[in-house]
2 protein chains.
Amino acid sequence: MRKKEKITIHDIALEIGVTASTVSRALNNHPRISETTKKMVLDAAKAINYKPNRIAAALRHGKSKLIGIIVPTINRNFFSSIVRGIEEHANALDYKVMISQSYDDYNKEVETIEALLDARVDGIMVSLGKNTHTFEHFEAVLQKGIPLVFFDRTTDELKANQVIINDYLSAYQATTHLIEQGYRHIAHFTSHMKIRIYQERLRGYEQALIDNGINFDPRLVVESNMQLDGGQKSTLQLLDNNLGFDAIFSASDYAIVGALQELKRINVKIPQEVGLVGFSNEPFTAFTEPTLSTVDQKAIDMGQSAAALFFEMINADQRNKPKVKKVLDANLIIRDSSRRL
Amino acid sequence: MRKKEKITIHDIALEIGVTASTVSRALNNHPRISETTKKMVLDAAKAINYKPNRIAAALRHGKSKLIGIIVPTINRNFFSSIVRGIEEHANALDYKVMISQSYDDYNKEVETIEALLDARVDGIMVSLGKNTHTFEHFEAVLQKGIPLVFFDRTTDELKANQVIINDYLSAYQATTHLIEQGYRHIAHFTSHMKIRIYQERLRGYEQALIDNGINFDPRLVVESNMQLDGGQKSTLQLLDNNLGFDAIFSASDYAIVGALQELKRINVKIPQEVGLVGFSNEPFTAFTEPTLSTVDQKAIDMGQSAAALFFEMINADQRNKPKVKKVLDANLIIRDSSRRL
DNA sequence: TATATTAGCGCAATCGATTGCATTTGCTGG
DNA sequence: CCAGCAAATGCAATCGATTGCGCTAATATA
């Protein structure tokens, strides 16, 4: 079976005795082409196994049908699930997705934006890196009128669309849950206060305390990198400071596992003596002993929403449209680490 | 600040009074262009903020600088780590990566291959879906001479390059480890025997038994979907059959967690009464109680190797080259679930 | 000094699809 | 029977970068 070299619309044209223009229009279902001709073209295309060259089309009309995604790391269930959501939606509409990782590195994030722009993506969806506190690199995107959607790790400092969960409310609910379970000295693990999600979760935590007549003690709020080791350190710090906490609401699942490990090491009973609630519903939270309560962020939904938002924007001129912020509700999952009644 | 519309090499040409040909050659560091001219071009390019249009270039010389990746799901640490490895290597060489998921669905895998071909990727890297047992969809790729690399879930039925870990050896070592710890009735959790990795792991398991003078009992080999529930069912099955097993070597971490949960439910002591070893070093294996021994597949390395292999191929005509199979060594990680001495 | 090289650059076609404008054909109405 | 219009298709430029071939001028060789 010989390999047929590059089959183009010209081959189809030749085949049925019309020009490439007609073939192109027929393939794109142009109204000015007769049904008869369309059918001939379609048949011939199939017959000689024609595959449109999207690169040529992209060059011509400036649409690559590519979407760029930037996440801190794909190697986390939350992000990979979002990507999954985006991809599902995008593929259905004949768009392909290009994924890049910033590794929470500001410079890498800047480079990646440039790379995506170079690749002429039709839009960009981003979850900001932890160390991103300035946003000029996105100005170029906005200025070119390229659809830009932020999800989860977003910022209000840019006029861009966002998809987030209700971090405030989720934190409020998680904290309230701990209070309902009888915990009174609830610590909070958080991270950089420059990041919106951590601000919001802290705010929710604080408000829940206040609304339940519990004193907010800033010494119970511990900042770390939100990784496993960060959670361990934060826990040790709490213990060292001897503040007599009886629960932890962590803005990250990784950190709460660190806490769990440290507490078990010194034989603290979970949830009897200390209650724990994390955030993100990473798969491992269901496998720990005891299983960890956490907040499910419905990552796939978030990805789909972000994609939906993107496609709402794709055909409009972005430069003067009001920006939308889509807020999804998250879901508190109560497991053994915080259930003591 | 007015937005300058599309800046092309023609603008540079105009700027310094040469033609686009010269600019193009200068930018590509062509030897026949004088150093002086090159410098002028580079300077002018920077001055007017020129960005090459890779789509136009792609159209011209048929290279998109895109690599397509297909994994069953990105939403698994093992795969997302591989992708990370690939991306690191590819980005360094100015390639972008397009990720698609097959969801272990054969039809989706076929469609995805077509989509990547349509997108004119320069190469494809694949980890096969669980339900893929025929491979015609890859013939088209091979025939076009597009570099194709399989990783982890591979097949020998195609003349294509592969990157795998030494599944046989890893399984052998894992089983040997259990034997050294004094376990004698070791069960094995596996999956579809059509899949190479499971064949190999079973083979390693069996050989380790034989080499240690232990009888191989086929009733101790249980097949499942390798998910959490599969592991639970397999465990119950073993218990029901009353075979008196004292250890399980599972070809999947998810399944071994299932086993762990079932065994704990009936108060079996791990590792005193039953030893457990999984496969993949998913993050949660470090968080269970007890922590789970497992085999680390060095996913990032695998991704980098796959990318390296890809770039070795990229410039050569693929059709008549011998295919290589790169075998990486994995790493048995011994944790509490199998350490009883 | 005349011819052969070579460096340096321009011309124009090309990649494949798209599209504004022009042209052809067929039909309608007066 | 003919102007007039619409339907269907063709022509040719275009998107931006690349590249084979050719041209010019400068340098080398005889």
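Just so we're on the same page: letters track the sequence lines, and every chain starts at 1.
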Would one find a side-chain N or O of [X] under 4.0 angstrom from OP1 or OP2 of [N]?
X	N	result
Asn28(B)	dA17(D)	no
Thr19(A)	dG10(D)	yes
Asn53(A)	dC15(C)	no
Thr8(B)	dC15(D)	no
Ser24(B)	dT18(D)	yes

Kindly determine whether His137(B) and Tyr106(B) satisfy ring pair (Phe, Tyr, Trp, His ring centres under 6.0 Å), including the steps that lead there. CA-CA 10 Å; His137(B) 47 312; Tyr106(B) 173 77; 5.2 Å; yes

Between [atom2] of [N] and [atom1] of [X], the distance in whole Å:
X	N	atom1	atom2	result
Ile9(A)	dT9(D)	CD1	P	15 Å
His30(A)	dA8(D)	NE2	P	10 Å
Ile12(A)	dT9(D)	CD1	P	15 Å
Asn29(A)	dT18(C)	CG	C1'	15 Å
Leu14(A)	dT9(D)	CG	P	17 Å
Ile55(B)	dA17(C)	CD1	P	15 Å
Lys63(A)	dC15(D)	NZ	P	16 Å
His10(A)	dA13(C)	NE2	P	15 Å

Kindly point out which of [options] is positioned nearest to the side chain of [X]?
X	options	result
Ala20(B)	dG10(D), dG16(C), dT18(D)	dT18(D)
Leu59(B)	dT18(D), dG16(D), dA17(C)	dG16(D)
Ile33(B)	dG10(C), dT19(C), dC9(C)	dC9(C)
Ala56(A)	dG16(C), dA8(D), dT19(D)	dG16(C)
Arg60(B)	dC9(C), dG16(D), dT9(D)	dG16(D)
Ser34(B)	dG8(C), dT9(D), dC15(C)	dG8(C)

Between [Y] and [X], does any NZ, NE, NH1 or NH2 come within less than 4.0 Å of an OD or OE carboxylate oxygen?
X	Y	value
Asp118(B)	Lys96(A)	no
Asp94(A)	Arg54(A)	yes
Arg153(A)	Asp104(A)	yes
Glu35(A)	Lys39(A)	no

Got Phe150(A) and Leu158(A) here, is their nearest side-chain heavy-atom distance under 4.5 Å? yes

What contact category does Val18(B) fall into here, base, sugar-phosphate, or nothing, at under 4.0 angstrom with non-hydrogen atoms? sugar-phosphate

Under 4.0 Å between any heavy atoms, over every strand shown, what does Arg25(B) touch: base, sugar-phosphate, or nothing? Just pick one.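 The answer is base, as Arg25(B) lies within the cut-off (heavy atoms under 4.0 Å) of a base atom.
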
DNA chain D: 5'-proximal contact among Tyr50(B) and Arg32(B) (nearest heavy atom):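 First, find each residue's nearest nucleotide; the 5'-ward one identifies Tyr50(B).
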
Distance-only donor-acceptor test, Ser21(B) side-chain atoms vs dT19(D) base atoms, 3.5 Å: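 Indeed, a donor on one side and an acceptor on the other fall under 3.5 Å apart.
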
